[in-house]
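Predicted model, so just to flag it, every value in this text is computed and none were measured. Just so it is clear, the values below take in all heavy atoms, side chains as well, and ignore hydrogens, waters and symmetry mates.
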Amino acid sequence: MSRRHTYIAGDLRLSSDLGGTITAKRIELLETIDNQGSISAAAKVLKISYRSAWDALNEMNNLWDSPLVAKQPGGSHGGGTRLTDEGHQLINGFKVLLAEYQHFTDGLSQKLDDFGKLQQNIRKLTMRTSARNQFQGRVEAISAGPINSEVTLSINEKDRLIAMVTRESVEQLGLSLGSEAYALIKASFIILVPADACFASSARNRLCGSVCELRHGPVNSEALISLDGDKTLTAIITEESAKAMHLEQGSEVCALVKASHVILGVH
């Protein structure tokens, strides 16, 4: 799904408190006069009235000590209008300023992109959900079935999360290979097993790490599991299970999560 690109755009205008304004269109008028040899011919090419062209020249002359155009004698070929040296200098100088101005707005546009990325990161932090576990990742694979689709999300270099969602959800979320998505997992949906346990399981997801924090309660315990990439996973298990597993800080464990218990979301 394509994302709109926002950028900063504007017109360069040179103005004076004495009156008069120079814009890109007025520079175009000067160039056209230089090419056509007369104000009237330039006005026709630019599809403006002779009066509008003449008024624009008068305003520009207010900014300059010397005239920007000069009348040529009639002679056998008739009269005309030519640009003075000051007129040519104005055109060249304006183009230099315009290039610098464009460079400046391009830089602001880049800062706008950076600001947009900052806004996205802020939205990640302010997203409110009851799920204790939230992982950002990229879609690595989509396996479509007649009703449901299996989406594989890469959350770090090592770990992958597989989510089972409807085909309609894939379309509505705009999921495609390489797109960003968020995986939400409730802490109570996680089953913890010792990392060295060898048994078959129907759970498609297996995230392994070490217990970095353990909080005991009268009924349940909360275990914080450290994963690769400075990510953590919170699991809620019964206090009886924590004792049976001899769970403590530093214990190597694996978290099992069914694919149907992984909720996907996008911003």
Does [atom1] belonging to [X] count more than 12 external heavy atoms closer than 6.0 Å?
X: Glu240; atom1: CD; answer: no
X: Ile191; atom1: CD1; answer: no
X: Ile147; atom1: CD1; answer: no
X: Lys44; atom1: NZ; answer: no

Are [X] and [Y] connected in the hydrophobic side-chain network, where two residues link if heavy atoms are under 4.5 Å apart?
X: Ile155; Y: Leu264; value: yes
X: Ile185; Y: Leu224; value: no
X: Leu173; Y: Val170; value: yes
X: Leu29; Y: Ile39; value: yes
X: Ile236; Y: Ile263; value: no

Exercise for the section: Under the salt bridge (charged side-chain N to carboxylate O under 4.0 Å, His left out) rule, collect the residues that match up with Glu168, sequence neighbours excluded. Expected result: none

Any chance you could measure [X], atom [atom1], to [Y], atom [atom2], to the nearest 0.5 Å?
X: Phe135; Y: Leu153; atom1: CZ; atom2: CG; answer: 10.5 Å
X: Leu161; Y: Asn205; atom1: CG; atom2: CG; answer: 5.0 Å
X: Met164; Y: Ser149; atom1: CE; atom2: OG; answer: 8.5 Å
X: Leu83; Y: Leu90; atom1: CG; atom2: CG; answer: 8.5 Å
X: Thr81; Y: Ile33; atom1: OG1; atom2: CD1; answer: 7.0 Å
X: Phe94; Y: Leu14; atom1: CZ; atom2: CG; answer: 5.5 Å

Expected output: side-chain [X] to main-chain [Y] donor-acceptor under 3.5 Å:
X: Asn156; Y: Asp228; result: yes
X: Thr84; Y: Leu68; result: yes
X: Arg167; Y: Gly145; result: yes
X: Ser176; Y: Ser179; result: no
X: Thr234; Y: Ala187; result: no
X: Asn35; Y: Glu31; result: yes
X: Arg138; Y: Gly178; result: yes

Exercise for the section: Determine, stepwise, if the pair Lys25 / Leu46 fulfils side chain to side chain contact (heavy atoms under 4.5 Å, CB included). Expected result: CA-CA 10 Å; Lys25 284 191 174 297; Leu46 298 176; over 6 Å; no

Practice task
Determine, stepwise, if the pair Met60 / Leu30 fulfils side chain to side chain contact (heavy atoms under 4.5 Å, CB included).
Solution key: CA-CA 10 Å; Met60 287 189 285; Leu30 290 178; 3.9 Å; yes

[X] and [Y]: which non-hydrogen atoms are nearest, and at how many Å?
X: His88; Y: Asp34; result: CE1-OD2, 3.2 Å
X: His216; Y: Ser221; result: ND1-OG, 3.4 Å
X: Leu175; Y: Ala181; result: CD2-CB, 4.0 Å
X: Ala223; Y: Leu192; result: CB-CD1, 3.9 Å
X: Thr23; Y: Arg13; result: CG2-NH1, 3.6 Å
X: Ile162; Y: Glu150; result: CG2-CG, 3.3 Å

Problem - Heavy-atom side-chain contact between Arg51 and Asp55 under 4.5 Å - result: yes

Problem - Side-chain heavy-atom pair Ile225, Leu207 within 4.5 angstrom cut-off - result: no

Exercise for the section: Evaluate the criterion side chain to side chain contact (heavy atoms under 4.5 Å, CB included) for residue pair Ile237 and Leu247; output intermediate values, then yes/no. Expected result: CA-CA 11 Å; Ile237 62 174; Leu247 208 60; 3.8 Å; yes

Extract all donor-acceptor atom pairs below 3.5 Å that involve side chains of residues 249-257 and protein atoms in other chains or at least two apart in sequence.
from   : atom 1 : to     : atom 2 : distance (Å)
Gln249 : NE2    : Cys212 : O      : 3.4
Ser251 : OG     : Glu248 : N      : 3.0
Ser251 : OG     : Glu248 : O      : 2.9

Fill in the blank from the handout: Hits for ring-ring contact (aromatic ring centres under 6.0 Å, His included) against Phe189, two or more places apart or cross-chain, chain-then-number order -> His261

Handout entry: Aromatic ring pairing Trp54/Tyr50, orientation class (parallel under 30°, perpendicular over 60°, tilted between)
Key = parallel

